[in-house]
Structures are given as structure tokens and as C-alpha cells.
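Comments concern the structure below.
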Amino acid sequence: LFPIKKKPFLGMAAPLGYVPGLGRGATGFTTRSDIGPARDANDPVDDRHAPPGQRTVGDKMKKNQEDDEEDLNDTNYDEFNGYAGSLFSSGPYEKDDEEADAIYAALDKRMDERRKERRELREKDEIEKYRMERPKIQQQFSDLKRKLSGMSDEEWLSIPEVGDARNKRQRNPRYEKLTPVPDSFFSKHLTTGDKHTTVDPLQGLNLPGGLESPYPGGMTPGLMTPGTGELDMRKIGQARNTLMDMRLSQVSDSVSGQTVVDPKGYLTDLNSMIPTHGGDISDIKKARLLLKSVRETNPHHPPAWIASARLEEVTGKLQVARNLIMKGTEMCPKSEDVWLEAARLQPGDTAKAVVAQAVRHLPGSVRIYIRAAELETDVRAKKRVLRKALENVSKSVRLWKTAVELEEPEDARIMLSRAVECCPTSVELWLALARLETYENARRVLNKARENIPTDRHIWITAAKLEEANGNTQMVEKIVDRAITSLGANGVEINREQWIQDAEECDKAGSVATCQAVIRAVIGIGIEEEDCKHTWMEDAESCVSHGALECARAIYAHALQMFPSKKSVWLRAAYFEKNHGTRESLEALLQRAVAHCPKAEVLWLMGAKSKWLAEDVPAARSILALAFQANPNSEEIWLAAVKLESENNEYERARRLLAKARSSAPTARVFMKSVKLEWVLGNIEAAHELCTEALKHYEDFPKLWMMRGQIEEQSEHNEKAREAYNQGLKKCPHSMSLWLLLSRLEERVGQLTRARSILEKSRLKNPQSPDLWLESVRLEFRAGLKNIANTLMAKALQECPNSGILWAEAVFLEARPQRKTKSVDALKKCEHDPHVLLAVAKLFWSERKITKAREWFLRTVKIEPDLGDAWALFYKFEMQHGTEEQQEEVRKRCENAEPRHGELWCAESKHVLYWQKKIGEILTQVASKIKNTF
């Protein structure tokens, strides 16, 4: 083995200033724990919170420079600035120098303030820019530290520990083990009388004489006190148990052994000890001390006494609160609030005495008199207090009103006559007096009121209502017009909205003439001419929503007077009368409407329908005859006349009208109605001929092809029906109904594959058509291929993601547990689609959530009242779960809505056998065919 040569410098101390690796370019480093946050030499100092004089290194350097001697060398001299230092710094500093320095300092400060804001902003920007370029270490790791907040306990515990330099014995100290010593050990050693601090190594060995341990006192100079070795640890345990029994017996019953402490009562006592406020006890003490200081500082400050009393009241010390507030009444006898607080805190009789004392100090306080009246329980005593109050404070409207409310009508009238003398500017008192007076006296009262208060509109409106109530309606208009003029002359701004609200109140009070007069007077105030129509229509709708129908009627009447040739205004007024008026008012309005707008077909038709619903067929005919004269070739009027005759079983007249219409005003709809009339009357041949003739002229009208195919299907000529549908699709390839009829025909005759191919072809020619996708899904479902149906539904929803009918069908294609989730998805995509809302209502119905189902049915029919299927399902639901009143309400609402669309609805309403059925009958029939198997 070769001996290892050690380097001579090993074990020696490093030279002073030695840095390892400096020769090869490495430099030493210090950590943040050594010097604090890492900073660069050029880092701007940010020690704003350092004490003055120690804020920057520059300050210290400056101080050190000042301590040094002045450098007066030529190299330190500048031609312009002179010496860098002060030439006279070592000289005496006199008062003149101090004044000069103060002046120069003031000038420097003034000059510095000019640029201070700009300089500070520039420095701030520089520091921020530097911080962004050279962030501190703690800023670099701030995002990682922020992520630590989301660590779980398991992740935190799984972080490995740093190495421990201690040895194994230091890392794993052996904890001291304590073993209980048995009583026999103590009893054995008590007999020896010795005190050992170490263990005898000879103990336990066989000593001469055969004794292992000496007998008591045998190896000691003297024996222990007799009886000391008789200590028994068992007796100590028994004594301890006896002491515990004595303590427990203090709270136990010696007879029954049950505890004397009642837990419920104990908790109640504890609750009674806890103050009933929400604050802390220390806060109360502080508040009490603070308020005491306020009271002592300013004893004539009323809020301090009130706050002190309320603090004691909150903490449960009611008597202390009463004493404090009574002390407050002595210190602040002229404070109304202190007396009222004292009356509130005191019990009944004492409160009366307090109030009496308050009245002596404040004889003109209305609130104290009102409080005194409230404290009285007898009405006569209340009257007495209030009359006494009115003797002292006769100008208080509140006192008069309170006193009048307690009197009988006759006494109230007398009192009010005195009240208006004392308070002539109170409108309420004048109006109350006018209500109690007779007609003639009321007129005089209101005239006096107008003289005293010429700027209040309520007096004029009350006068108009008074005249109307006494049958003098011709004066109402004059009074309202005079009111507008008088108020304008007195500088009162006519607020249109306020007057309309007053008119609505008159309407609700039954003063119709006053209401209409007010509307006519103010409806045009403050509105530009081009905005009149729009604004008035909004006002009318607002009045209807507030239940003021006469106001709305007056607005419509005024609008019609100003715009007699506007068809839209007449229509709105007509719909208003239809929904809220009588049949007579509607017909009278429509007569005026057609006189001003004879070319408006819809007005003629509404008038004729009103007469027809009233079973006045001749009047309806005469209206249509007048309509013919005004609109000689109107398709709508021709068809209305045909419907009127056919509904009243005048089939020959209907045929003649249709023949005349075909010759004078031939349209596709006229031909269609002609075919339909013959079809429903059972004249299949005539219907077929008319249909053939119509198709020669209007081959691009799909309904004619549909009717031809359905007539052939009814006659069980499936080949001819297929041919009709195919010819129709050549002419009208975008008619969804023709595609659906053809596919259903093929499905009905058992050609499922052909039906499927027809639907695929239709979807190619009409992409993004929800009806065709829905029929394809249902075709597969009816064939029992549910998996294919689900696949098709997924494709359909991809192509038509916002189709309500597809989402509604998709909900019920799912299994029951998944339907709720699907319905949520459907609502997200089609929130206001009636089919989706209807599907949700059906879903709640299937889950027997009756209230929710009814809410969703109501929402559906409100959004789309034209959907007949919704009404039918709603009616079926009410038949199963609703009362007769609810069923009747649904039926009436359906009849008013007159629905015309819906898959189930159209299947019944357009059936040739049910062509004369009313809406209510169709509703009952559709509902009866619905089976709630969803």
C-alpha cells in the first residue's frame, strides 16, 4: 500500500478576502436569508417607512461627507458654481445665516413644488418599469405560492423532507418510559424507615444469617415511630371515594336518588342571565362609558340621554333606563324627543303623568298631544285630549284629522267647517268637508277651497266628480277645461302622467264622465304630432293593464277622432271592444270603422262574424253585401260569405256563391274551398272534377294535390293517390305535407322501405327540415327499431339544433331516468319554444307533479295560444286532476284563442266528417283521443 500524500493547504484557514473559484471567473454568492430580498446595485431604494435620516444610502453618504473636512483644493473649484462645498461651513452660524437659509429653503421648496407632481409620476413609472424588468424573487414565485392554496393534505404530506444532519440518536430520542409502581412497593419500603437515593448492589443477595433484607429498625440506629409502618394504601383509596360521594351528595336527592338539577329549568335560568342584545359585554361597557362621558360633557344634549336609555333597555335594565330618561327630561325640558321617549319607557299611568308634565313644558307640541291621546283607552277621553290640543295648536292639520276621525258624521262636519277656517291651505280637510256636505253646500265648499288653494288639481277633479254624481254631466267637461286653464294661469305645470293616473282613479271610483273628460283634456299635452299615435296606443294598453277600461276607451275614441282613416287604430279599438266590451259596442264601432275605412276587409269580416256569433245571419249577410260593394273582387269576403252560408246549412247558396267567385274572382283558394265543400257534402265526383279543373290553372298549389290524393285514398284507390302525390311533388318539391302524405301512404300499405327512401329523398331536397326528420324518427320507432330512431334523432338535432319539435320528441325517446336531463338540454336550446314547454309539462304530468305541470301548461298556452295540441293536453290534464271550474276555464280560453295549428288538432279539425264542429267540440274530441302513456 502506498501512503496517500495530503495537500499542504488542507485543514488550513483560508486567506483574508479569498473567494473560491475567483481565478476561473466564478464569484461567491449570498442567499436571501443572509441579506434579505435580492437587489441590484442600481435598484431604486424603496424604504418609505424608514425613520427620517435613515431612508436612503445617499443620506448617510451625505452625512459622512459633511463630517469630513471641506476640500478647498483648486480641483474642487468650478468657474460657474464655485467650490463644491461651503466655504464658511466651519464658521459661526448666526441669526442672519438662519434667516437667509430659511429664505433659500422656501425658494427651493417653491421651485420644487412646481415639478414635484411630474417628478413623482416619472419616478413612479421608472420604478414600476424596473420592477417589471427585474422583479424580486418573491414576485417571481408569487404565482407558485398562490397555487399552494389549492393543495390537498395528501399532496402536502407527500412532499419529501429535507436532509437532517443530526445523528440517529439525536433524530430518534428514546422517550422516557414511566411504569406505574404497585402499592405493595410503597408499603414494603415504608416499614424500613430508610431513605435511599441509590440502589444497593448487595440488595437481593444471600447475606450471612440468611436474611435478604433487614427487619424494621434492625440496621438503623433507632426505630421509627411506632405505628408508622401500619399505613394502608387501600384506606387512602376508600377515603378518596368517600370524599367524592360527599361532593356528589350535594346535588343528589337522598330519597329517590335522582338529580335535583332540572336540566330544562337550568337552561332557562342561563338564558335569563344572557342579555338579549347581539353585542359583546365589553362593547356595552365601552358604549356605557362613552355615553356617560357625553352626558357629563354636554348634559343638555337630548340624543345622549335617549341613546343611554335605549342602551340600558336593550341590555335588560329597564328601571335604569327609566331613571336615566327622567333625568334627561330634567336636563332637557324643552326637548320633544326626550319626553316622547320617557312616555314610551314608562308604564301606563306613569306615562300619562309624564305626558302631562311634557305638555306643561311644551304646550305647542303636536306629537306629544297625539301620544297623550294614544295613551287614553276611552274614546271620550281621547276626544277630550284632542280638543284641548286644538285649543292650543289650532293650525295643526294632523290634530284636526285625528280628531275628526273619532267623531260621528254630523259632528265631523261641524268640526271640519272649523278646521278649514283654521287650516285654509289643507286640501284634505276641504275635500273631506265637501264629501260630508249636501250637494249645494259641497259646491260652496269647493268654490271656497279653489279660492284658498288655486294651485291644486284635486279640488277641480272632486268638483267634476260631484257634478257627475248629481247628474249634471254637461258641467263636467267645462269644469275640467276650466281647471286646465286656471292651473296654467297660476303657473302650475300640467303633468300628463299625473292627470292620467287621476283619470284611472276616477274610473275605478265609477266617475266615467270625469275620467273621459280628463283624458280628453290632457291626452295631447306635451306630445309631438308625429308621436301622437304611438304614444296614445301605449297609454291605452297601460290603462287596460291597470284595469281602467273607460280610460282606454276614451283614449281610443280620441285617437279615432284624430286619425279617422288609420286602419290600425280602428283594429286596435275593435280588438279592445271584442275583449273588454259588449257585442253592441263592438258592432257600433265596426259600423263607424267601415264607414271611414271601406277598403279594410278585416273590419267588414269582424262585423259580419259578430252578427253571425249573435245568430243574426241576415244582418251578417247584409254586412257582407255592403262589403262586396266596397271590395267587389275580394277573395276574403267571397270566402267569408261562403262560410256563413255553409255553416248555416245553406249549401246551395254557398255553391252559387263559389261558382260566382270562380267566374269573377278565380283564385286557388276559391277553387280549394269549392272542392272542399263538395268533398264534405259527399259529392266525390263533383269534387274530383273541380279538383282536376283547378289543377289545370293552379298546378303549383300543393293543397289541391293533397286534396286529390286524400280523395283517392278515401275511395281506397291507393295507386291513384300515389300518382297524385308524385305528380304534386314534381310541381311542388318543397311541400313538406306532400312528402309526409306519400310516406304515410307507403307505410300504410306495408312498403316500409319505400317510405324510408321517400323520406330520405325529401330530406335531400329540403335540408334542415325538422318535420321530415321527425317523421323519419317516428317511422323507425313505429317499426320497432328504437336504436335506429335514436341514431336518426341525434343526426336530426345536429342538423336542426334549434328545432323545438325535435327536442320535444327527443325527451320522450329517452328512458325515464334520462328524460329530465334531456329536457334541461332542450330548454337551453329552445327556451321559448311552445313544443319544448309542452314536453316539460307532460314530463311533470307523468311524474305526478300536478302544480308544476299546470304552471308549464299555462306558460305554453300563453306563449303560443294558436297551438291546439297544447290546449287539448291541458284540457285532458284538467279532466284528470282539476276541478270543473278549471276545466271550464281552459275550455273558454281555448274558444277565445281559436287555435288552428297542431298535429293532433288538425287531424280532427280538418277531417271531412267534423268540418262543422265548433272549437269546444273539437277540444273535447281531441282530448278524449289522447292517451297519457308518455
Side-chain angles (χ1 to χ4, degrees), residues 516 519-520 523-524 527-545 548-645 647 657 660-661 664-670 673 865-866 896-898 900:
Q516 293 175 345
I519 290 291
R520 283 193 293 271
I523 193 67
I527 302 177
E528 298 293 334
E529 188 175 349
E530 57 270 16
D531 296 334
C532 282
K533 178 186 166 187
H534 176 70
T535 307
W536 290 345
M537 294 302 103
E538 286 184 351
D539 289 338
E541 290 174 5
S542 173
C543 291
V544 170
S545 64
L549 301 181
E550 292 300 331
C551 288
R553 189 171 280 116
I555 293 171
Y556 280 125
H558 185 77
L560 291 172
Q561 189 177 352
M562 299 301 294
F563 305 106
S565 59
K566 290 286 185 182
K567 173 184 166 184
S568 59
V569 179
W570 285 107
L571 269 176
R572 288 204 180 201
Y575 284 125
F576 168 76
E577 293 295 345
K578 180 183 177 183
N579 294 327
H580 303 285
T582 61
R583 184 172 59 83
E584 290 78 11
S585 64
L586 172 62
E587 290 173 0
L589 180 74
L590 288 171
Q591 283 181 3
R592 290 168 51 213
V594 295
H596 287 93
C597 303
K599 297 295 182 183
E601 299 171 3
V602 64
L603 296 172
W604 289 104
L605 296 177
M606 285 180 73
K609 186 174 182 180
S610 176
K611 292 290 185 184
W612 171 53
L613 291 175
E615 299 181 356
D616 191 354
V617 179
R621 285 178 184 148
S622 64
I623 289 173
L624 289 174
L626 293 171
F628 275 124
Q629 294 175 7
N631 305 276
N633 292 320
S634 170
E635 176 189 278
E636 292 293 337
I637 295 174
W638 277 110
L639 295 179
V642 170
K643 184 175 181 181
L644 176 66
E645 301 300 342
E647 291 287 346
L657 282 170
K660 194 173 180 182
S664 61
T667 62
R669 282 190 69 206
V670 169
K673 292 292 183 182
D866 193 49
N896 291 333
E898 297 182 1
R900 296 182 179 276

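Counting heavy atoms of neighbouring residues, nucleotides and ligands inside a 6.0 Å radius, atom CZ of Arg900 does not exceed 12 of them. For CD of Glu898, the number of neighbouring non-hydrogen atoms (other residues, nucleotides, ligands) closer than 6.0 Å is greater than 12.
Atoms NE2 and CG, on His534 and Asp539 in that order, are 10.0 Å from each other to the nearest 0.5 Å. Between the OH atom of Tyr556 and the CG atom of Leu549 there is a distance of 11.0 Å, given to the nearest 0.5 Å. A distance of 5.5 Å separates CD1 of Ile527 from SG of Cys532, quoted to the nearest 0.5 Å. Rounding to the nearest 0.5 Å places CD of Glu636 at 5.0 Å from CZ of Arg669. For the atom pair His596 NE2 and Leu560 CG, the distance stands at 8.5 Å (nearest 0.5 Å).
Across all non-hydrogen atoms, the minimal contact from Cys543 to Ala552 is CB-N, 3.9 Å. Of all heavy-atom pairs between Ile523 and Trp536, the closest is O-NE1, 2.9 Å. Shortest non-hydrogen contact noted between Asp531 and Thr535 is O-OG1, 2.7 Å. When every heavy atom of Ala897 is checked against every heavy atom of Pro865, the shortest pair comes out as CB-O, 3.7 Å. Closest non-hydrogen pair, Leu590 versus Ala574, comes out as CD2-CB, 4.0 Å. Shortest non-hydrogen contact noted between Ser545 and Ser542 is OG-O, 2.6 Å.
Of the possible polar contacts, one joining the Asn579 side chain to the Tyr575 backbone as a donor-acceptor pair under 3.5 Å is found.
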Inset, instruction - Any chance you could lay out the side-chain contact (heavy atoms from CB on, under 4.5 Å) test for Leu589 and Trp570, step after step, and finish with the verdict? - result: CA-CA 8 Å; Leu589 180 74; Trp570 285 107; 3.7 Å; yes
Inset, instruction - Check the pair Val569 / Met537 against side-chain contact (heavy atoms from CB on, under 4.5 Å), numbers first and verdict last. - result: CA-CA 8 Å; Val569 179; Met537 294 302 103; 4.1 Å; yes
Inset, instruction - List the steps and the verdict of side-chain contact (heavy atoms from CB on, under 4.5 Å) for Lys533 and Ser568. - result: CA-CA 10 Å; Lys533 178 186 166 187; Ser568 59; 2.9 Å; yes
Legend entry - Verdict with reasoning, Lys673 to Lys643, per side-chain contact (heavy atoms from CB on, under 4.5 Å): CA-CA 9 Å; Lys673 292 292 183 182; Lys643 184 175 181 181; over 6 Å; no
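Each of Lys578, Glu577, His580, Arg553 was checked for a side-chain hydrogen bond (donor to acceptor under 3.5 Å, both in side chains) with Ser585, and the lone residue meeting it is Glu577.
Taking 4.5 Å as the limit, every side-chain heavy atom of Lys599 sits out of range of all side-chain heavy atoms of Lys567.
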